[in-house]
Colleague: 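Mind looking over this structure? Questions follow.
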Amino acid sequence: MGIENPRDGGSRAGESLEELARLADTADIEIAGRTIQVRSSIDKRTYIGSGKVLEVAEQARRVDANLIVFDDSLSPAQGRNLQKQLGMRVLDRSELILGIFALRARTSVAKIQVELAQLQYELPRLARLWEHLSRLGGGIGTRGPGETQLEVDRRRVRDRIRALTARLKKVEEDTKIQRRGRKGTVTACIVGYTNTGKSSLFNRLTSAGVLEEDRLFATLDSTSRVLQLPDTRAMILSDTIGFIRKIPHQLIASFHATLEEAIDADLLLHVVDVSNPDAERDIEVVDRVLEDIGARPEEQIMVLNKIDLAEDLRLVGRLKGEGQDAVVTSALTGEGLNDLRERLRRFVKSREIEGEVRFPIWNEEIRAFLHREGEVSEERFGHKWTRVKVRMKPECFERLRKKGVEVSIDATG
Ligand SMILES: Nc1nc2c(ncn2[C@@H]2O[C@H](COP(=O)(O)OP(=O)(O)OP(=O)(O)O)[C@@H](O)[C@H]2O)c(=O)[nH]1
Ligand SMILES: [Mg+2]
C-alpha cells in the first residue's frame, strides 16, 4: 500500500511500490495485491484515508492476505490505529528493510548494528505490540498490569540499546586505530544504490571474493583490500553497504562504524546500474544519503556499470554528460575495468607532489627509497651530494625530513 502525491507527478509511487515488492520478495513475503492512494498529504491517524482503510481491509480479505505492508514509515499511532482497524498485521517499509538486514547480517558487527537499529525503531512502538498481545490474551489487558509490563519492556529495551551502543563504540575505536595505521595510503570507497554491482567490481579489481548476489542488500559490512595499480602505485579500496529509497534513519545511525569507510575515503566510486531505467533517481538517493552521513570526498568518480545490459543508450549518454568523465564498465565482461584502474592511478598520482631531495652520494638507502616510493624525473651526481627530483606522496617527503634529509618542495607542484 503506497501513497502518491499528485504534486510529485509521474510514477514515483509506482516505482517505490515496485521496489517495496522486491524488498518483500527478498523477505519471502508473497505479494497478493497492490494499491496506491492518490492524496496530497498523509493522514495523521491512519496514513491513508479512513474510507480507504475499509476498502483495503476488504481487498485484503478477498485475496486472502494476512499482512499489509506500507511503503512509508508509519508513526507509532498510525501503526496502532491501522492494525486495529484492519484487523491484521501491519508492517511498514522501515520494518521490512530492518527485517531484511536482520536476515542477512553475517558478521558480528553487522548483527549488533541491525539489532540496535531494530530496537531503536521498536522502542516508541512497544505500546502497539503490547496492545496487540493483550488483545490476543483476551481481557488481561487491563490498564494497571498492562502499563507495568510495558514499562518493564521499555526498560529492558533501553538497557539493551545501551549495551549495544557501548560495544559498537569499542568497534569504532578499534577500526579507527587500524585506519590510522594505513595513513599515507590513498583510500577509495565503492558506494551506490543496492544491487548495482559494487561487490562484483570490487572482486574483479582485487580478487577479494566478497559475496555478490542478485538480491537487495547482499553486502552489509565493509571490506578493504590493497589495490595494485598499473604502475608501482597502490591504494586501499573498500566495498560497503548499498543504499535505498526511504532508508530508515535508525539504520544510518547504527551503521556508522560500517559507513565510516565511505565517510573517511579520499575518493568515492559511485557505481550506477545503467541497465536500470530509474538510474537517475537512484543517483539522487545515493547523493542524499552521502550528504546525510557527512561523506565529503575530495573527488567522486561515477562508474556506469552493467553496460552489457543497458538498452537505453540515451540514458547512458545523459549520465556520461552529467558525471563529466564517468567510466563505463561491466563487471561481467570486464569492459572498462582497465579504464577504471587508469583513473584510480591518475587520482593517486594527483595526490603526490614534486620535490627535490639532496643526500650524501654514498647513501644508497635513500636513493632506493626514492625509486621505490616515487617517480624520479632527474638525478644529478656531484662530488659529495646526489640531487634527485621526484614526485611522491607528501608523507614520504615528511619521512625523509624527519631523518634529517634535505628536502625542498616545488611549490608549483
Ligand atoms: N550483466 C551484468 N550483471 C552484473 C554486472 N555487475 C554485477 N552484476 C550482477 O548484479 C547482481 C548484483 O551484484 P552485486 O555485486 O552483489 O551488487 P552490489 O551493488 O554489491 O549489491 P548489494 O551489496 O546488495 O548492495 C549480481 O547478480 C551480479 O552478478 C554487470 O556489469 N553486468
Ligand atoms: Mg555488495
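Whatever order the structure lists ligands and atoms in, that order sets their numbers, starting from 1. In this text, all values refer to a predicted model and were calculated from it rather than measured experimentally.
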Colleague: What distance separates Phe243 CZ from Asp287 CG, expressed to the nearest 0.5 Å?
Modeller: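 So the gap between those two atoms works out to 10.0 Å.
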Colleague: Are the charged groups of Arg156 and Asp159 less than 4.0 angstrom apart, N to O?
Modeller: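 Salt bridge: no.
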Colleague: Once you round to the nearest 0.5 Å, how far does CZ of Arg215 lie from CG of Asp25?
Modeller: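 So the gap between those two atoms works out to 7.0 Å.
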Colleague: How long is the span from the CG atom in Leu237 to the CG atom in Leu344, to the nearest 0.5 Å?
Modeller: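 With rounding to 0.5 Å, CG (Leu237) is 7.0 Å from CG (Leu344).
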Colleague: Distances under 2.8 Å only: what protein N/O/S atoms are near the Mg ion (ligand 2), ordered by chain and residue?
Modeller: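 Sorted hits: Ser199 OG, Thr219 OG1.
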Colleague: Between Glu373 and Arg399, is there a side-chain N and carboxylate O pair less than 4.0 Å apart?
Modeller: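 Salt bridge: no.
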Colleague: Which value, rounded to the nearest 0.5 Å, describes the distance between Arg233 atom CZ and Glu375 atom CD?
Modeller: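 Going from CZ on Arg233 over to CD on Glu375, the span is 4.5 Å.
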Colleague: Show the protein residues that qualify under the rule heavy atom under 4.0 Å from an atom of ligand 1, listing them in chain and number order.
Modeller: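 Within 4.0 Å of ligand 1, the protein residues are Thr194, Asn195, Thr196, Gly197, Lys198, Ser199, Ser200, Glu212, Glu213, Asp214, Arg215, Leu216, Phe217, Ala218, Thr219, Gly242, Asn305, Lys306, Asp308, Leu309, Ser330, Ala331, Leu332.
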Colleague: So, does Thr196 use its side chain to make a donor-acceptor pair with the main chain of Asp273 at under 3.5 Å?
Modeller: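 Pair absent, no side-chain N/O of Thr196 close to backbone of Asp273.
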Colleague: Any donor and acceptor pair, going by atom type alone, linking the side chain of Asp43 with main-chain N or O of Thr46 inside 3.5 Å?
Modeller: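 Side chain of Asp43 to backbone of Thr46, a donor-acceptor pair under 3.5 Å: yes, one is there.
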Colleague: Does atom CD of Glu365 have more than 12 heavy-atom neighbours from other groups under 6.0 Å away?
Modeller: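 Count not over threshold, so no.
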